[in-house]
Visitor: 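Here's a structure for you.
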Amino acid sequence: MDTTCSHTARVFGQGVVIFLVIMSLAAGSDGRSITVGDSHGWSAGTNYTQWATKNSPFHINDTLVFKYPLPGNSTIAQSVYMLPNLWSYTTCQFRGAKLLGSAAQGAGEGLKVELNQSRPYYFASAEGNAYDCIAGLTKFIAVPSSTHLY
Ligand SMILES: *[C@@H]1O[C@H](CO)[C@@H](O)[C@H](O)[C@H]1NC(C)=O
Ligand SMILES: *[C@@H]1O[C@H](CO)[C@@H](O)[C@H](O)[C@H]1NC(C)=O
Ligand SMILES: *[C@@H]1O[C@H](CO)[C@@H](O)[C@H](O)[C@H]1NC(C)=O
Ligand SMILES: *[C@@H]1O[C@H](CO)[C@@H](O)[C@H](O)[C@H]1NC(C)=O
């Protein structure tokens with residue numbers, strides 16, 4: 001074992017770590033790009049609670065990407081709504097909700113939503129008469145935090 005060599009490698013390794021920390025602080029405002037549901041995408045009848053917990057905390061300027069196929073014979077149509085508050089989110093009152101992505105907007109690169117405000121974002125799909133939403137499925141809350149802890 002060449003101790004000089006391993007020492008050099010360790011010092012070099014620390015240098016890389018410090019460099020990466022500085023880079024991530026400098027790039028702090030860029031945010032992450034996060035695909036909702038990972039490879040599963042934004043699907044009907046899906047519980048997103050665990051996904052949202054796993055990907056928390058979200059940060060200001062993170063971008064959520066909702067991917068869902070064009071409506072066809074084999075897929076249930078999807079959409080992305082942002083509900084105004086916890087009450088409308090819980091009770092699935094879509095009156096006053098903002099349509100962010102229609103059924104056609106999730107294909108290809110997906111629908112991008114930037115979390116650029118310091119407020120809770122209440123997301124839900126309204127397809128199938130909000131049946132999923134009422135069942136607690138295909139919906140989640142993202143609360144972007146403004147503090148970055150790396
Ligand atoms: C979010 O992005 C905007 C515009 O690029 C920037 O001015 C702001 O500092 C960023 N906010 C955070 C918390 O990174
Ligand atoms: C749906 O099914 C019909 C009849 O089987 C077919 O003609 C049509 O091309 C299909 N559409 C899509 C988008 O797959
Ligand atoms: C904030 O994000 C929303 C949703 O993606 C977008 O429509 C809007 O243009 C963004 N605003 C700024 C100032 O970047
Ligand atoms: C979704 O998953 C969470 C966490 O695993 C669980 O607590 C919750 O009851 C589930 N909701 C539904 C509607 O299945």
Side-chain angles (χ1 to χ4, degrees), residues 11-150:
V11 169
F12 178 73
Q14 283 168 352
V16 168
V17 168
I18 291 164
F19 176 73
L20 288 176
V21 167
I22 290 168
M23 285 304 288
S24 67
L25 288 175
S29 66
D30 283 354
R32 302 176 294 173
S33 181
I34 310 158
T35 301
V36 177
D38 304 317
S39 61
H40 194 63
W42 183 239
S43 313
T46 306
N47 187 340
Y48 284 91
T49 304
Q50 229 172 349
W51 178 87
T53 306
K54 202 183 83 200
N55 286 275
S56 290
F58 298 97
H59 295 111
I60 298 276
N61 291 347
D62 280 353
T63 298
L64 296 182
V65 185
F66 293 83
K67 290 186 178 173
Y68 46 96
L70 285 171
N73 296 335
S74 58
T75 52
I76 300 167
Q78 281 312 324
S79 59
V80 182
Y81 278 84
M82 186 165 78
L83 293 133
N85 51 48
L86 183 58
W87 182 84
S88 58
Y89 173 83
T90 308
T91 59
C92 302
Q93 295 295 321
F94 285 84
R95 208 181 313 130
K98 188 177 171 193
L99 177 67
L100 298 180
S102 68
Q105 284 177 282
E109 294 284 288
L111 172 81
K112 295 186 173 67
V113 179
E114 199 189 12
L115 305 178
N116 52 23
Q117 289 175 48
S118 184
R119 45 154 290 185
Y121 284 78
Y122 303 99
F123 294 111
S125 171
E127 298 314 300
N129 288 325
Y131 179 84
D132 273 355
C133 180
I134 292 159
L137 302 170
T138 312
K139 69 196 294 192
F140 68 97
I141 306 172
V143 186
S145 114
S146 54
T147 49
H148 286 252
L149 297 171
Y150 289 103

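Order of appearance sets the numbers: ligands from 1, and atoms from 1 within every ligand. Quantities reported herein were computed from a predicted structural model and do not represent experimental measurements. The first residue in the sequence is number 1, and the count goes up from there.
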Visitor: Could an N or O of ligand 4 be found under 3.5 Å from any N or O of Asn47, whether backbone or side chain?
Guide: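 Such a contact does occur with ligand 4.
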Visitor: So Ser88 and Tyr122, do their side chains get closer than 4.5 Å, heavy atoms only?
Guide: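 No, too far: nothing below the 4.5 Å cut-off.
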Visitor: Could you check Leu64, Val143, Ile141 and say which one makes a side-chain contact (heavy atoms from CB on, under 4.5 Å) with Phe58?
Guide: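 Only match with Phe58 under side-chain contact (heavy atoms from CB on, under 4.5 Å): Leu64.
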Visitor: Can you sort out the partners of Pro144 under side-chain contact (heavy atoms from CB on, under 4.5 Å), two or more places apart, ordered by chain and number?
Guide: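 Listed in chain order: Ile60, Leu115, Tyr121.
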Visitor: Select all protein residues for which some heavy-atom-to-ligand 3 distance is less than 4.0 Å, and list them by chain and number.
Guide: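 Within 4.0 Å of ligand 3, the protein residues are Val113, Glu114, Asn116.
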Visitor: Decide side chain to side chain contact (heavy atoms under 4.5 Å, CB included) for Tyr48 and Thr138; before the verdict, give the C-alpha distance in whole Å, the side-chain angles of both, and the deciding distance to 0.1 Å.
Guide: CA-CA 6 Å; Tyr48 284 91; Thr138 312; 4.2 Å; yes
Visitor: Look up atom CD in Glu127 and atom SG in Cys133, then write down how far apart they are to the nearest 0.5 Å.
Guide: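 The SG atom of Cys133 is 11.5 Å from CD of Glu127, to the nearest 0.5 Å.
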Visitor: Heavy-atom distance under 4.5 Å between the side chains of Asp38 and Lys54, does that happen here?
Guide: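 In contact.
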Visitor: Within ligand 4, which atoms have a heavy atom of Ala135 less than 4.0 Å away?
Guide: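 Going through ligand 4 atom by atom, the ones under 4.0 Å from Ala135 are 13 (C).
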Visitor: Tyr81 vs Phe94 aromatic rings, parallel, tilted or perpendicular, using cut-offs 30° and 60°?
Guide: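 It falls in the perpendicular class, over 60°.
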